[in-house]
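Presented below is the structure to which this report refers.
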Amino acid sequence: MSEAAQKLNSNPEILLKKRKNADRLRLEKQKLQQQKALQEKRRKQEKRKSKFIRAETLVAKHRSSERERTRIQRVTLNERQKQQLISNGTERSINDNEDEDQLAFVVRVPGPHGAKVPSKAQKVLRVLRLQHNYQATFIKLNATVRPLLRLVNPYIVIGEPSLATVRELIQKRGSVLVPETTESTETQEDGCFPW
């Protein structure tokens with residue numbers, strides 16, 4: 001009986017030591033991987049800093065940024081003049097449809113190559129919740145939104161969605177903004193929306 005007790009007692013002790021050793025090795029391996037990843041990141045940053053950039057590239061980026069900045073100034077000046085003419089009553093809106101509110105689907109796309117997005121355009125894109133490329137949102141297209149869309153025209157694509165497209169997008173990718181939480185929309189068994 002004493003031999004059986006010794007055998008039973010020795011096995012769990014060995015297993016515990018093996019587990020402890022395996023945990024220690026796993027932690028050491030994780031630390032090594034983290035250190036390697038950090039070193040790789042630093043190496044890439046150093047390489048990026050020392051990377052040769054041609055003068056023509058810098059000039060092209062600067063020119064495209066300048067063109068974008070002047071385009072923004074021109075659009076804002078044009079919109080101000082339009083608003084002044086409309087407020088004076090000398091000019092009416094060209095389209096009769098502009099008075100109606102329409103649903104539009106706006107997608108953010110990459111802008112002009114090499115150009116920095118001006119601060120005004122960044123603010124408008126943030127208001128429209130289009131901070132990253134290929135993000136999309138539904139907006140109500142009315143007289144107050146149209147000038148903003150003209151301002152960020154090179155960075156967005158606007159379209160009028162069909163009812164089937166709206167339903168499909170909301171079912172697959174929709175989320176409801178509830179204060180302090182974001183809940184995804186899930187349909188019920190009959191395929192209807194929960195609201």
Side-chain angles (χ1 to χ4, degrees), residues 3-69 72 105-139 152-159 161 165-189 193-195:
E3 287 181 27
Q6 285 179 350
K7 285 183 181 179
L8 288 176
N9 289 338
S10 65
N11 276 340
E13 192 173 317
I14 290 173
L15 287 175
L16 289 174
K17 283 183 180 179
K18 281 184 180 180
R19 286 182 194 156
K20 189 175 182 181
N21 193 24
D23 287 343
R24 184 181 53 81
L25 290 174
R26 183 178 47 83
L27 290 174
E28 287 177 3
K29 192 174 181 182
Q30 284 178 349
K31 283 183 183 178
L32 281 174
Q33 285 177 343
Q34 288 174 351
Q35 289 174 351
K36 281 184 181 179
L38 186 63
Q39 288 174 352
E40 185 69 20
K41 185 178 178 183
R42 286 181 183 159
R43 190 182 62 78
K44 283 183 180 180
Q45 286 176 347
E46 290 296 324
K47 191 175 181 181
R48 196 179 307 139
K49 284 181 185 176
S50 63
K51 184 180 177 185
F52 178 74
I53 299 173
R54 294 182 357 194
E56 292 86 4
T57 306
L58 292 173
V59 170
K61 284 184 178 181
H62 181 72
R63 283 184 178 165
S64 61
S65 297
E66 280 296 318
R67 264 182 270 149
E68 190 59 24
R69 197 174 304 128
I72 294 269
F105 189 64
V106 181
V107 181
R108 168 88 187 264
V109 293
H113 180 67
K116 291 183 180 176
V117 181
S119 61
K120 270 189 181 180
Q122 281 181 347
K123 288 176 186 173
V124 172
L125 289 169
R126 196 175 303 124
V127 167
L128 295 173
R129 296 182 312 250
L130 299 171
Q131 294 174 334
H132 303 289
N133 287 342
Y134 308 112
Q135 280 187 329
T137 186
F138 290 105
I139 60 167
V152 294
N153 193 20
Y155 308 103
I156 60 171
V157 175
I158 307 168
T165 308
V166 172
R167 179 174 286 131
E168 197 172 306
L169 279 170
I170 290 176
Q171 283 178 344
K172 287 185 179 178
R173 298 282 182 168
S175 59
V176 179
L177 293 176
V178 180
E180 300 188 18
T181 59
T182 303
E183 302 172 7
S184 76
T185 56
E186 295 183 12
T187 57
Q188 298 170 347
E189 295 87 29
F193 296 119
W195 56 84

What's the spacing between Gln35 CD and Leu38 CG if we round to 0.5 Å? 8.5 Å

Residues Pro112 and Glu68: closest non-hydrogen pair is CG-OE1, 3.9 Å

CG (Leu32) and CG (Leu25) are apart, to the nearest 0.5 Å, by 10.5 Å

Which atom pair, heavy atoms only, marks the closest approach of Ile72 to Lys120? CG2-CD, 4.0 Å

To the nearest 0.5 Å, what is the distance between NZ on Lys17 and CZ on Arg24? 13.0 Å

Is the closest side-chain heavy-atom distance between Leu130 and Tyr155 below 4.5 Å? no

Check whether any side-chain heavy atom of Lys18 sits under 4.5 Å from a side-chain heavy atom of Ile14, and report yes or no. yes

Identify the heavy atoms of Val166 and Phe138 that sit nearest to each other, and give their distance. CG2-CE2, 3.8 Å

Exercise: identify the closest heavy-atom pair between Ala121 and Val152: O-CG1, 3.6 Å

Side chains of Phe105 and Thr165, heavy atoms from C-beta outward: is any pair under 4.5 Å? no

If you draw a 6.0 Å radius around CZ in Arg26, do more than 12 non-hydrogen atoms from other residues or ligands fall strictly inside? yes

May I ask you to decide if Gln131's main-chain N or O and Arg108's side chain share a donor-acceptor pair within less than 3.5 Å? yes

What are the two closest heavy atoms between Val109 and Pro154, and how far apart are they? CG2-O, 4.1 Å

Report the distance from atom CD1 of Ile139 to atom CD1 of Ile156, rounding to the nearest 0.5 Å. 7.0 Å

Working to the nearest 0.5 Å, report the span between NZ of Lys61 and CZ of Arg63. 15.0 Å

Distance (rounded to the nearest 0.5 Å) between Glu40 CD and Lys47 NZ: 9.0 Å

